[in-house]
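Each residue takes its place number in the sequence, starting with 1.
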Amino acid sequence: LRPLKVRDFALLWTGMTISVVGDGIYMVTLPFLVYEISNLPTALAAVGAAWTIPQVVFLLLAGVVTDRFERKLVLIGSDLVRALAIGTAGALALADALELWHLYVLVAIFGAGEAFFMPAFGAIVPQVVPANFLVEANSLDQFVRPVGMRLVGPLIGGLVVAAAGPGEAFLINAATFVFSAVMVAAMKQRARAQPSSRTSVVLELREGIRFIRSKPWLWGGLLATALGQFAFYGPWIVLVPFVIRNSLGGDAGNYGWVLAAGGVGAILVSIVMGQRGLPHQPVAFVLTLWAVATLALAGFGVSETLWHPTVVAVLLMGGITAGQIVWGTLEHRFVPNELLGRVSSVDWLVSTSLLPLSFLVAGPAGNAFGARRTLIVAGIAGAAAMLACLAIPGISDLPEEQEA
């Protein structure tokens with residue numbers, strides 16, 4: 001808990017905590033709202049593609065913006081854009097006027113806002129937290145994300161959708177982004193990168209990419225992540241709620257409980273990781289755990305009762321969270337601060353570059369081969385692809401000392 005003694009980090013962390021609760025509400029509300037409009041995996045897959053394509057398109061620009069301008073202003077702008085998009089969706093749902101094409105547009109705006117938030121948040125943390133607190137700060141980050149997005153948020157979302165409806169749930173989500181913007185605005189430090197000279201956007205992007213290409217641990221880890229995300233994300237978002245709703249007879253509340261169970265696993269892992277330093281082979285540690293989490297998709301495919309996916313979610317989110325804590329710490333320790341925004345944006349770009357395709361494949365595959373079979377194949381193939389990347393020469397080599 002030591003990083004919370006730093007005022008600016010405490011404000012940043014508090015705002016993020018509330019906003020990820022809203023994200024948890026969103027993650028429960030969106031799939032079941034789409035399936036109420038059209039009970040086909042392809043419908044949710046199309047919404048997912050509309051959500052993630054703008055992330056891919058804007059991430060590189062977001063990295064340059066993060067390194068050129070005051071990072072807290074980038075965070076505030078991102079929060080307000082996302083609040084507007086989700087608030088509009090909530091208002092349309094309350095008016096019983098929400099259609100699929102509305103969701104395509106609004107989640108696209110939401111995704112663009114996320115593209116600017118992700119590298120800015122990753123780059124601002126080492127500016128407001130002392131270097132010796134970074135593992136604890138990343139553990140706090142990865143502690144609160146599952147608490148909000150996988151535990152508290154889904155529980156609230158399931159209850160709100162059941163008791164009031166999706167419109168109210170979306171409005172609550174929008175309010176959480178407004179709260180986050182207020183917290184970031186209250187930060188005193190002007191968290192901005194200070195490049196030695198202004199160059200063109202293209203040259204700055206090339207500098208960040210050149211750094212990544214020189215570090216096998218970085219580009220190899222990003223390649224493995226991209227392959228794993230392609231196999232994992234579309235089936236996770238599109239097909240898991242479909243199986244719970246259509247095969248296991250569950251509703252939004254049951255789906256919320258599954259996500260909440262995953263949150264419990266992630267919370268326990270975050271507590272353990274916060275008491276430890278980096279593992280001896282951190283890159284292998286990250287990729288192995290993420291491969292296990294991807295393989296867990298097969299568990300959803302063979303589930304026969306509603307408690308089966310609950311158990312699988314604990315394993316899945318625990319593995320993802322432990323890997324995220326270590327990976328974030330590696331970037332904060334071994335990437336120079338003046339490059340961190342660009343490296344973070346390329347990280348997010350590579351990690352999410354195949355997400356739209358993952359959605360577009362998951363929907364038709366679920367329709368053609370069945371949701372369960374698609375989950376099993378995706379889990380096995382994704383895990384194998386990630387583990388194969390451990391054979392990349394030099395992928396486990398890290399600098400002896402911090403570069404930043």
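- By the side chain to side chain donor-acceptor pair (under 3.5 Å) test, Gln55 pairs with Glu114, sequence neighbours left out.
- The side chain to side chain donor-acceptor pair (under 3.5 Å) search around Arg245 returns Asn39, not counting sequence neighbours.
- Not counting sequence neighbours, the partners of Phe121 by the ring pair (Phe, Tyr, Trp, His ring centres under 6.0 Å) test are Phe117.
- Among residues two or more places apart in sequence or in another chain, the side-chain contact (heavy atoms from CB on, under 4.5 Å) test is passed with Ala365 by Phe369, Thr374.
- Every residue meeting the side chain to side chain donor-acceptor pair (under 3.5 Å) condition with Glu331, not counting sequence neighbours, appears here in chain and number order: Trp327.
- Applying the ring pair (Phe, Tyr, Trp, His ring centres under 6.0 Å) criterion to Trp236, with sequence neighbours excluded, gives Phe232, Phe300.
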Distance-only donor-acceptor hits, side chain of residues 305-312, under 3.5 Å, sequence neighbours excluded:
| residue | atom | partner | partner atom | Å |
| --- | --- | --- | --- | --- |
| Thr305 | OG1 | Trp307 | NE1 | 2.9 |
| His308 | ND1 | Glu304 | N | 2.9 |
| His308 | ND1 | Thr305 | N | 3.3 |
| Thr310 | OG1 | Leu306 | O | 3.2 |

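- With sequence neighbours excluded, the residues that form a side-chain contact (heavy atoms from CB on, under 4.5 Å) with Pro282 are Pro279, Val326, Leu330, Leu398.
- The closest donor-acceptor contact from the side chain of Ser78 to the backbone of Gly113 lies under 3.5 Å.
- Contact annotation: the side chain of Ile18 never approaches that of Met183 to less than 4.5 Å [non-hydrogen atoms, C-beta and beyond].
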Side-chain donor-acceptor contacts of residues 20-36 below 3.5 Å, not counting sequence neighbours, with atom names and distances?
| residue | atom | partner | partner atom | Å |
| --- | --- | --- | --- | --- |
| Thr29 | OG1 | Ile25 | O | 2.7 |
| Tyr35 | OH | Val238 | O | 2.7 |

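- In this structure, CG on Asn254 lies 7.5 Å from CD1 on Ile244, to the nearest 0.5 angstrom.
- For Leu268, the side-chain contact (heavy atoms from CB on, under 4.5 Å) partners at least two apart in sequence or on another chain are Val264.
- Sorted by first and then second residue, the salt bridge (Lys or Arg N to Asp or Glu O under 4.0 Å) pairs involving residues 81-108 (not counting sequence neighbours) are Asp79-Arg82.
- Listed by chain and residue number, Leu61, Phe69, Val74, Phe116 satisfy the side-chain contact (heavy atoms from CB on, under 4.5 Å) test with Val65 (two or more places apart in sequence, or in another chain).
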